Amino acid sequence: MRKEDFGKDFVWGVSTAAYQVEGGSDLHLKGPSIWDTFVRRKGKIFQNQTGDIACDFYNRYTKDISLMAAMNISHYRFSIAWSRILPEGMGKASQEGIDFYNRVIDFCLSLNITPWVTLYHWDLPQMLQDRGGWENREIIYWFEEYVKLCVRSFGDRVSQWMVLNEPMVFTGAGYFLGVHAPGRKGLKSFLAATHHAALCQARGAAVIKSLQSHSLVGTTFSCSHIEPHHHRERDLVAAAKVDALLNRLFLEPLLGMGYPTGELKILQRIEKFMRQEDEKSLSFPMDFIGVQNYTREIVTHAPFMPFVKARLIKADRRKVERTLMNWEVYPESVYHILKKYSAYPNMPPLIVTESGAAFEDQVTDGEVHDPRRLRFIRDAISQVGRARQEGIRVEGYFIWTFLDNFEWAEGYFPRFGLVHVDFKSQRRILKSSGKWYAAFLENASAEELLPLKQDVSY
Ligand code: GAL
């Protein structure tokens, strides 16, 4: 397997998200987001850690992006922190915040790296949460204002946009389970947030296109290949429900198919939040769909589980190889998901906008050897190649993630990066997986490792 097997237009990149890497959270630099607030609630985050400093990308972006360039990475997906450019969520913009992203974008372009901008990667301005956040239908207008500001500020240099990052995760973890910001719980919050996020994903894309018709607009979905525990009727039904929830809930309305209420009756309660015309406003012809895949899920019937009557059997219980997230190591999952998604009529091209794995890393003599991460990424890429060979339109692959970073409720414990970060000293070391990716992008065969031209620690 070589890079050239994927064709010269295939997009190769890395992904990050603002709150997970930037730091720069002082109030004179940025308005507070729901994550700034949530991390201060005791017991919510592993060891009560915060993203206040994270990778200090706010101050170190030139060195980090220079390393990307030295690794032959030509596309960088990052997100804009809404409250950095609109500290109160709406109204007065912060020129200082806008200038930070101007510098990042300009620096990328100066090194021939194409910026891919995610508009919302979970860090809602706290001031908007104080008014109900995603549960308040007004968010459609708040979001529209924010999207317009982004396109007007950066659209002369950015033409690849992703509207939302994994709406299922931020509504599920943030508004149903309460384990992510803003820590809301319950079905009512979840369904309201879901419907408004689904409306915003379509509306946001329409706004970008109306201001910048040549842009390439997509949005991203978390998705996992799902299998029933046993081939018996009740597990099949349970698996279909989990599939509707995890893989279809936000995709199908976007494709004009409405919510998947057939398998998941509980979703009928979204009706309560629907207004006339909403059904139509949920759909939009995206230029691409971002697929974010890490593992597969095995599902069993669970009569006492509310709403879904289903349960995931986690990797440790199944005694299979797993990552630090307790996710099964199963790189084939991305192939199955690409196949499943590409079978929808009118599906635009797919781009894998996140794929990666967290393993324990050790620094030995200033180096980090991470063969398991390297193998996972190489195998996932080869599964993407398999999908392409079968004629599936998948046009890009972004690794999650460039730097070890703040992994939400898990804090700094799970390391996903191609680059190791010592969070005390902020020293970076390129891991073997990063060296492998650099060599692969230079068109070495998947088995070779080439020496990098520049210093790989700083
Ligand atoms: C995704 C998310 C990323 C990152 C990754 C690894 O759900 O978009 O921000 O945390 O998972 O868990």
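Worth saying up front: this structure is predicted, and the values here are computed from it rather than measured. Indexing begins at 1, ligand by ligand and atom by atom, following the structure's order.
S333 and N293 are linked by a side-chain donor-acceptor pair at a separation below 3.5 angstrom, with hydrogens and angles left out of the test.
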Give every pair formed by an N or O atom of ligand 1 and a protein N or O atom closer than 3.5 Å, one pair per line with both atom names and the distance to 0.1 Å, or write none.
residue, atom, partner, partner atom, Å
ligand 1, 7 (O), E166, OE1, 2.4
ligand 1, 7 (O), E166, OE2, 3.1
ligand 1, 8 (O), H121, NE2, 3.2
ligand 1, 8 (O), N165, ND2, 2.8
ligand 1, 8 (O), E354, OE1, 3.2
ligand 1, 8 (O), E354, OE2, 2.9
ligand 1, 9 (O), Q20, OE1, 2.7
ligand 1, 9 (O), H121, NE2, 2.9
ligand 1, 9 (O), W408, NE1, 3.0
ligand 1, 10 (O), Q20, NE2, 3.3
ligand 1, 10 (O), E407, OE1, 2.8
ligand 1, 10 (O), E407, OE2, 3.2
ligand 1, 10 (O), W408, NE1, 3.0
ligand 1, 12 (O), E407, OE1, 3.4
ligand 1, 12 (O), E407, OE2, 2.6

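Among F170, F38, Y19, W122, the single residue meeting the ring-ring contact (aromatic ring centres under 6.0 Å, His included) criterion with H180 is W122.
One distance of note links OG1 of T401 with CZ of F416; it measures 9.0 Å at 0.5 Å rounding.
A search for side-chain hydrogen bond (donor to acceptor under 3.5 Å, both in side chains) contacts involving E321 returns R372, not counting sequence neighbours.
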- Task: List the steps and the verdict of side-chain hydrogen bond (donor to acceptor under 3.5 Å, both in side chains) for N59 and Q426.
- Result: CA-CA 11 Å; N59 295 306; Q426 290 295 343; over 6 Å; no

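A cation-pi contact, defined as under 6.0 Å to the ring centre and within 45° of the axis, is absent between R373 and F359.
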